[in-house]
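Data first, discussion second: the structure below is written as structure tokens.
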Number of protein chains: 2
Amino acid sequence: MPLTPTTLFAALAHDIRLRCLVLLLRHEELCVCELTHATGAVQPHVSRHLAQLRELELVSDRREGLWVYYRIRPALPAWIQGVLRETAAGVADQAPFTDDEQALSNMANRPSASRCA
Amino acid sequence: MPLTPTTLFAALAHDIRLRCLVLLLRHEELCVCELTHATGAVQPHVSRHLAQLRELELVSDRREGLWVYYRIRPALPAWIQGVLRETAAGVADQAPFTDDEQALSNMANRPSASRCA
DNA sequence: GATCTATATACGGTTGACGATATATACAGC
DNA sequence: GCTGTATATATCGTCAACCGTATATAGATC
């Protein structure tokens with residue numbers, strides 16, 4: 001599926017997808033278990049929504065052992081980066097995004113590769 | 001319906017709604033018949049999608065005689081204005097947005113109140 | 001190769017958004 | 001008040017997105 005303005009916004013128009021993207025904007029790279037823990041959603045949901053973001057080529061994935069790490073694709077069109085930046089800045093202090101950050105930082109046994117942006 | 005990040009993006013995730021918003025970003029105020037002509041959609045569709053934008057309080061409407069003029073609400077949260085600005089700038093030179101501009105400027109008998117931004 | 005963990009996908013059911021169309025409302029002119 | 005124009009809403013059928021759940025795949029360890 002091509003990344004058009006409409007499909008971009010459709011991707012952002014879902015609670016879990018948006019929360020994952022905002023988390024990925026603030027943390028360079030996160031694995032599925034971290035996103036699952038942060039959002040409190042069940043794993044198949046997170047995986048499925050990440051798959052949609054992947055099919056749109058909004059995020060890229062990288063396997064390392066058992067873990068699969070996702071990140072925002074760096075080569076996105078400038079205006080899309082702008083939209084994501086404005087969004088992340090605008091929702092940073094709102095629920096549930098603040099809670100997601102909290103849950104992530106409280107998570108025990110995070111895979112070591114996770115690092116903050 | 002409240003204007004949340006998710007509902008905002010859902011509003012943007014539709015062809016006609018997005019095109020109307022982009023048109024309204026470039027022209028301070030447009031009436032329904034202008035938006036209908038520019039997009040080439042049938043009038044009830046345009047009306048219904050404008051109603052959704054109105055219920056979200058993304059746009060305001062003003063009746064003047066037979067015509068109802070819509071505009072982007074000026075008091076939107078800063079980050080939403082940022083998202084809209086980035087989007088309008090990013091899609092300005094793409095179809096179908098360029099064609100909408102063309103169709104609008106070619107429209108005969110436009111209500112006089114329409115003015116360019 | 002058996003087992004465990006992490007992740008992805010498949011299946012079935014439900015619900016909400018959408019388009020097409022018809023009709024209602026609002027206002028102007030006569 | 002009748003007619004015409006502009007706009008809004010209502011009805012109905014269809015389809016895509018979503019959730020819950022089950023299961024499949026991938027890799028690590030022993």
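Worth knowing before you read on, the calculation uses all heavy atoms, side chains too, and leaves out hydrogens, waters and symmetry mates. Labels below follow one simple rule: chain letters A, B, ... track the order of the sequence lines, proteins then strands, and each chain is numbered from 1. Computed from a predicted structure; not experimentally measured.
Screening I72(A), T7(A), L3(A) for a side chain to side chain contact (heavy atoms under 4.5 Å, CB included) with L58(A), the sole residue that qualifies is L3(A).
In this entry the distance linking CG of L50(A) with P of dT9(C) reads 11 Å, nearest Å. Computed from coordinates, the Q43(A) CD to dT7(C) C1' distance equals 5 Å when rounded to whole Å. Taking atom CG of L66(A) as the reference point, atom P of dT7(C) lies 8 Å away to the nearest angstrom. The CD1 atom of I16(A) sits 15 Å away from the P atom of dT7(C) (whole-angstrom rounding). Between D61(A) atom CG and dA6(C) atom P the separation is 18 Å, expressed in whole Å. When the P atom of dC18(D) is taken as reference, atom NE2 of H14(A) falls 5 Å away, rounded to whole Å. Rounded to whole Å, atom P of dA6(D) lies 14 Å from atom CG of L35(B). Put simply, CZ on R48(A) is 9 Å from C1' on dA17(D), counting in whole angstrom units.
Among the nucleotides dC19(D), dT5(C), dT7(C), the one closest to any side-chain atom of S47(A) is dT7(C). Distance from the side chain of C33(A) is smallest for dT7(C) among the nucleotides dA8(D), dT21(D), dT7(C). Among the nucleotides dT7(D), dA8(C), dA22(C), the one closest to the side chain of P44(B) is dA22(C). Among the nucleotides dC18(D), dT21(D), dT7(C), the one closest to any side-chain atom of V42(A) is dT21(D). Distance from the side chain of R63(B) is smallest to dA26(C) among dA26(C), dT7(C), dA22(C).
For Q52(A), a side-chain nitrogen or oxygen approaches OP1 or OP2 of dC18(D) to under 4.0 Å. The side chain of H49(A) places an N or O atom within less than 4.0 Å of a non-bridging phosphate oxygen (OP1 or OP2) of dC19(D). For H45(A) and dG20(D), the shortest distance from a side-chain N or O to OP1 or OP2 is below 4.0 Å. Residue Y70(B) has no polar side-chain atom (N or O) positioned under 4.0 Å from OP1 or OP2 of dA6(D).
Along DNA chain D, the nucleotide closest to G65(A) and the one closest to C31(B) are compared, and the more 5′ of them pairs with C31(B).
Within the 4.5 Å cutoff, the side chain of L24(B) has heavy atoms near those of the Y70(B) side chain. In this structure the side chain of R71(B) never reaches within 4.5 angstrom of the side chain of V59(B), judged on heavy atoms.
Between A41(B) and V46(B) the shortest heavy-atom distance is CB-CG2, 3.8 Å.
Although no hydrogens or angles enter the test, the distance criterion places a donor-acceptor pair under 3.5 Å between the side chain of Q94(A) and the main chain of G90(A).
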